There are 2 protein chains.
Amino acid sequence: MKSLVSRCPIEEVMQILSGRWPTLLIYYLKQGTKRFSDLRRDNPTISHKMLTLELRKLEDAGIVERTEFEGYPLRVEYQLTPAGHRLVPLIDALGDWWETTSDTSPHPGSTDAEAAVSNTASRD
Amino acid sequence: MKSLVSRCPIEEVMQILSGRWPTLLIYYLKQGTKRFSDLRRDNPTISHKMLTLELRKLEDAGIVERTEFEGYPLRVEYQLTPAGHRLVPLIDALGDWWETTSDTSPHPGSTDAEAAVSNTASRD
DNA sequence: TCGTGGTTACAAAAAGGTGCGTAATTTACT
DNA sequence: AGTAAATTACGCACCTTTTTGTAACCACGA
């Protein structure tokens with residue numbers, strides 16, 4: 001199903017974590033078990049289509065475990081796998097790195113100066 | 001254009017690192033200074049437009065430094081900033097995590113044989 | 001004219017949003 | 001009591017938006 005025909009593990013992880021949702025979902029899931037609708041409430045701007053797709057992707061990657069309960073109105077729970085939990089600090093480290101970087105790096109469009117990343121074609 | 005004004009640093013990093021090129025480019029740049037055409041040779045499937053865009057993004061993020069030399073056929077060199085160098089091990093850690101994960105986590109529902117994504121992972 | 005590093009305009013492709021359908025049971029209304 | 005509506009977690013089809021590719025062009029000096 002997943003044809004992540006690997007060249008490099010880094011490319012594979014990035015394929016999974018790329019986009020705005022994966023890390024966000026992991027973030028919320030690290031708080032504990034969540035249902036589909038919980039996650040939608042956690043981030044109201046994700047569509048149900050995206051949520052399903054992203055959740056599926058994380059499941060395939062072994063980051064998230066899906067548990068379906070019999071009965072109606074049909075209940076499904078999501079939680080991080082052990083591997084998923086091990087991933088959390090690595091993601092946090094990236095966040096920390098970015099905080100440090102944008103703090104110490106005198107680059108346009110990072111700290112307090114401005115936010116508009118305008119490609120004014122050249123400023124040399 | 002793209003407002004990086006985000007709530008969470010993790011969202012911001014992922015915005016920079018998402019996609020297949022950023023980590024690849026960082027990977028090649030950690031080998032040392034590279035010119036535009038070097039990077040195109042390193043990954044032949046990137047279009048020159050994408051390469052400029054991604055390079056610009058990494059530059060804005062303070063990960064890559066661009067040096068333009070005066071001269072005949074115009075020469076530009078790219079290299080990692082100190083912050084960029086500090087980022088490398090974090091990315092590597094993700095790669096390592098993935099290797100371990102895909103090795104030890106035979107998640108249910110997926111193909112048993114396919115779970116083993118054999119990657120010889122020879123970098124560094 | 002070539003080659004470098006880059007930009008722009010347009011086209012193609014991929015990603016994402018919207019809304020409908022579905023299941024089996026409970027509740028709501030008449 | 002009987003019918004309709006609501007519930008949950010999606011799948012699917014259609015359509016819009018964003019991203020990426022393609023190609024042509026620019027500047028300069030050998």
Side-chain angles (χ1 to χ4, degrees), chain A residues 1-4 11 14-25 28-29 33-61 64-79 108 117-124, chain B residues 1-4 6 11 14-25 28-29 33-61 64-79 108-109:
Chain A
M1 202 297 187
K2 61 172 177 183
S3 49
L4 291 172
E11 275 190 78
M14 290 318 295
Q15 207 167 313
I16 294 160
L17 298 183
S18 281
R20 46 185 301 212
W21 303 122
T23 51
L24 256 192
L25 294 179
Y28 283 112
L29 248 16
T33 299
K34 297 265 184 176
R35 295 178 55 179
F36 189 83
S37 43
D38 291 333
L39 290 169
R40 289 211 67 186
R41 267 185 289 276
D42 285 336
N43 15 213
T45 60
I46 195 173
S47 68
H48 70 268
K49 178 187 173 181
M50 266 300 100
L51 184 51
T52 326
L53 288 176
E54 297 293 319
L55 245 16
R56 212 63 86 207
K57 190 172 67 173
L58 292 176
E59 204 193 336
D60 285 344
V64 161
E65 196 190 333
R66 197 186 101 109
T67 316
E68 191 172 318
F69 293 87
E70 301 284 317
Y72 284 80
L74 183 55
R75 193 164 59 105
V76 178
E77 285 185 357
Y78 294 93
Q79 57 183 316
V117 194
S118 55
N119 43 2
T120 331
S122 56
R123 27 101 252 207
D124 39 329
Chain B
M1 182 72 91
K2 176 183 295 185
S3 55
L4 275 181
S6 175
E11 276 188 78
M14 290 318 293
Q15 209 169 312
I16 294 160
L17 298 183
S18 282
R20 45 188 299 216
W21 303 121
T23 51
L24 256 192
L25 293 180
Y28 283 113
L29 282 171
T33 299
K34 297 264 185 179
R35 297 179 54 179
F36 188 84
S37 42
D38 291 332
L39 290 169
R40 291 212 64 188
R41 267 186 291 276
D42 286 334
N43 12 216
T45 60
I46 196 176
S47 67
H48 61 277
K49 178 185 171 182
M50 266 300 100
L51 184 52
T52 3
L53 288 177
E54 297 293 319
L55 246 15
R56 209 67 82 209
K57 189 172 69 174
L58 293 176
E59 204 195 336
D60 286 345
V64 161
E65 195 192 332
R66 195 186 102 109
T67 316
E68 191 173 317
F69 294 86
E70 303 283 318
Y72 345 118
L74 180 58
R75 191 163 61 104
V76 178
E77 285 184 356
Y78 293 92
Q79 56 183 316

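None of these values were measured; they are calculated from a predicted model. Because only heavy atoms are used, hydrogens play no part in the values below, and waters and symmetry mates are left out as well, while side chains stay in. Each chain gets a letter, A, B and so on, in the order the sequences are listed, and its residues count up from 1.
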Atom-pair distance ([atom1] on [X]; [atom2] on [N]), nearest Å:
X        : N       : atom1 : atom2 : value
Glu70(A) : dA23(C) : CD    : C1'   : 12 Å
Met50(B) : dT22(D) : CE    : C1'   : 12 Å
Trp21(A) : dT18(D) : CH2   : C1'   : 15 Å
Phe69(B) : dG5(C)  : CZ    : P     : 11 Å
Lys57(A) : dA15(C) : NZ    : C1'   : 11 Å
Arg40(A) : dT8(D)  : CZ    : P     : 12 Å
Asn43(B) : dT20(D) : CG    : P     : 14 Å
Tyr72(A) : dA5(D)  : OH    : C1'   : 17 Å

To the nearest 0.5 Å, tell me how far [X] [atom1] sits from [Y] [atom2].
X        : Y        : atom1 : atom2 : value
Thr52(A) : Ile46(A) : OG1   : CD1   : 8.0 Å
Asp42(A) : Leu29(A) : CG    : CG    : 9.0 Å
Lys34(B) : Tyr28(B) : NZ    : OH    : 8.0 Å
Arg56(B) : Glu54(B) : CZ    : CD    : 12.0 Å

Per-nucleotide protein contact string for nucleotides 9-17 of chain D, where B marks a base within reach and S marks sugar-phosphate only (heavy atoms under 4.0 Å, - for neither):
SBB------

Carboxylate-amine/guanidinium contact Arg41(B) Asp38(B), below 4.0 Å
yes

Ser18(A) and Lys57(A): which non-hydrogen atoms are nearest, and at how many Å?
O-NZ, 3.9 Å

